[in-house]
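Contents: one structure, followed by commentary.
Just so it is clear: chains get the letters A, B, ... in the order the sequence lines come, proteins before strands, and each one is counted from 1.
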Amino acid sequence: MDIRFYNTLHRSKEPFRTRDPGKVAMYVCGPTVYDDAHIGHARAYVAFDVLARFLRFAGFEVTYVRNYTDIDDKVIRRAQEVGTTPGELAQRYIDRYREDMARLRVLEPDVTPRVTDHLDEIVALVRALVDRGHAYLLDDGVYFSVRSYNGYGRLSGRRLDEMMVGARVEVDDRKRDPLDFALWKLAKPDEPSWPSPWGAGRPGWHIECSAMSLKYLGPGFDIHGGGMDLIFPHHENEIAQSVCATGQEFARFWLHNGFVNVNKEKMSKSLGNFFTIRQAAEVVDAEAIRLFLLGTHYRGPVQFDVELSPEGHLVGFPGLVEAERRLAYGYETVRRLARAEAALAGKHAPGALPDALAGAAAGFEEALRAALADDLNHAEALGHLATLQRTANDFLDRAKEHPPAARLAAIRRLREAMAGAARVLGVFEREADEALAEIGTRGLQRAGVTAAELDDAIRRRAEARRAKDFAAADRIRAELLERGIELMDAPGGTEWRVVRG
RNA sequence: GGCGCCGUAGCCAAGUGGUAAGGCAGAGGUCUGCAAAACCUCCAUCAGGGGUUCGAUCCCCCUCGGCGCCUCCA
């Protein structure tokens with residue numbers, strides 16, 4: 001399969017070639033664990049989750065490393081604010097982060113190293129940089145000299161002399177160059193510290209990712225990922241210090257995801273316009289967040305709609321609600337197929353597949369593969385999936401046109417195609433009945449209707465319908481609709497869904 | 001000042017040098033006691049201007065508008 005990715009390093013799509021045949025070594029910059037993850041984090045880790053899933057699907061043996069930055073200025077400050085230790089604070093947010101990722105159906109990477117478990121590697125790396133003359137000592141720490149590396153700026157496309165250094169931050173004129181950055185920060189009183197040849201202290205930002213990626217993946221690994229905002233300075237610095245320390249190539253492909261925007265502006269901590277995964281997952285099923293994020297190509301900006309009341313209070317997330325509707329549609333399609341198969345299995349042997357369906361299923365699988373192989377176009381992939389789902393429902397609507405044996409074969413083929421897509425994209429993987437029950441339950445809560453109330457209303461309406469008292473039946477239905485619940489009379493009984501909560 | 005991104009139907013959003021996926025909303029239909037769901041049909045010439053080309057939404061230039069990075073940030 002011809003796979004191409006957009007490589008930030010060369011600003012173009014390139015054929016994907018791995019360091020070792022059949023193997024992919026990938027590293028993604030993980031979160032600094034001092035607060036709950038927001039939708040922007042969700043976007044990055046969902047995108048790279050799909051990347052890892054796709055590469056495995058494509059036959060590669062993947063080693064996926066995603067770190068936790070569990071010690072830095074923000075962790076220390078927040079720990080002081082809430083009166084705990086940095087270690088305890090970090091552990092707490094790692095736990096919460098794991099829960100969030102699980103709800104988003106982001107698979108656990110193969111290795112999830114923490115900075116505080118890798119001080120030896122970090123110190124060794126800093127020592128190599130000092131020994132090779134790329135780092136120097138000031139009274140508060142060890143600094144990397146950007147002028148000592150002539151490749152500096154290659155990733156971000158910047159020249160040292162053209163940057164508006166000092167425009168937003170005061171320049172520390174003790175440094176040889178304003179862009180020199182700390183490799184090792186000597187500890188101030190009451191700060192957590194680890195021993196080093198230069199004195200007790202902690203790693204600067206950037207060095208940990210070099211140390212951990214090199215440890216688990218080695219020089220020249222295949223993919224390094226992260227948010228666009230990390231290109232400069234974080235990734236630029238990683239490259240500089242890694243290349244200078246090892247004398248070898250660092251990472252081959254640099255992939256960066258775009259931002260999540262709220263009202264056209266980047267969602268960020270500093271702007272304060274962020275929403276956590278937890279907040280969003282209170283409103284809709286967490287899988288809907290994933291589906292929503294996958295609807296936009298990973299490199300482009302995602303518009304995250306936030307509906308506010310005239311007073312400025314949060315009303316809802318229209319885009320997520322729409323995504324949840326599509327989520328329910330997808331699971332309903334899966335369930336219809338499952339039920340139809342159950343009704344046929346055992347009574348009939350699968351026969352010949354109808355030609356049209358065979359073509360549709362194979363065409364879908366090829367289109368899905370091609371979309372993802374072309375710079376991970378999961379948005380296009382979802383478009384193909386929508387078409388397949390429509391094909392499936394259409395087939396089920398007209399299933400009687402086919403003999404049972406052909407029907408069974410077709411249903412199985414459709415399920416197979418959908419399951420493959422689910423595995424790669426990480427959506428519609430759950431057991432359909434359970435997923436729909438959860439979506440429904442949470443919708444009822446949102447609407448403020450109890451299950452008992454609903455059951456009672458449905459029962460009363462069924463009685464009225466049996467008595468041919470359609471006026472009464474319609475009244476009950478209208479009342480429920482007023483409360484946000486829509487009733488649907490299906491062959492097997494009355495079903496319901498939440499249209500507004 | 002440097003580097004870069006975006007502007008596709010009411011909304012969200014793919015995409016290609018040869019007349020534009022998908023979703024939501026909307027209109028009409030099949031089905032239904034009536035509905036809903038599901039399905040079918042319909043619904044855009046791609047911010048504006050110039051250039052290259054047999055032909056551009058897609059390539060180049062300019063203009064307008066929006067945004068990002070150059071501090072921490074996915």
Report task. Mark yes or no for a side-chain to base donor-acceptor pair under 3.5 Å between A:R158 and B:C69, with no hydrogen or angle criteria applied. Result -> yes

Requested in this report: Report which part of the nucleic acid A:K468 touches: base, sugar-phosphate, or nothing (heavy-atom distance under 4.0 Å, all strands).
Outcome: nothing

Query raised in the report: Base, sugar-phosphate, or nothing: which does A:P318 touch, judged by heavy atoms less than 4.0 Å apart?
Result: nothing

Using OP1 and OP2 only, check whether a side-chain N or O of [X] sits under 4.0 Å from [N].
X	N	answer
A:Y329	B:A36	no
A:N393	B:C39	yes
A:K264	B:G65	no

Query raised in the report: Can you name the closest pair of heavy atoms from A:I122 and A:A211 and give their distance?
Result: CG1-CB, 3.6 Å

Query raised in the report: Taking atom types as modelled and ignoring hydrogens, do the side chains of A:S156 and A:R158 form a donor-acceptor contact shorter than 3.5 angstrom?
Result: yes

Polar atom pairs between nucleotides 43-46 of chain B and protein, under 3.5 Å, N or O only, would you list them?
none

Give the rounded distance in Å between these two atoms: [atom1] of [X] and [atom2] of [N].
X	N	atom1	atom2	answer
A:R336	B:A38	CZ	C1'	6 Å
A:F292	B:C11	CZ	P	16 Å
A:R497	B:A36	CZ	C1'	7 Å

**Report entry** Worked check of salt bridge (charged side-chain N to carboxylate O under 4.0 Å, His left out) between A:K269 and A:D35
**Finding:** CA-CA 10 Å; A:K269 301 294 278 251; A:D35 202 355; 3.1 Å; yes

Query raised in the report: How does protein reach along nucleotides 19-33 of chain B, written 5' to 3' as B (base within reach of a heavy atom under 4.0 Å), S (only sugar-phosphate), or - (no contact)?
Result: --BSBSS-------B

Query raised in the report: Can the ring centres of A:F221 and A:F250 be said to be less than 6.0 Å apart?
Result: yes

Requested in this report: Determine the sole option in A:T69, A:I207, A:V33 for which the side-chain contact (heavy atoms from CB on, under 4.5 Å) test with A:V115 is passed.
Outcome: A:T69

Report summary line: By nearest-nucleotide position on RNA chain B, the 5'-leaning member of A:S156 and A:L230 is A:S156

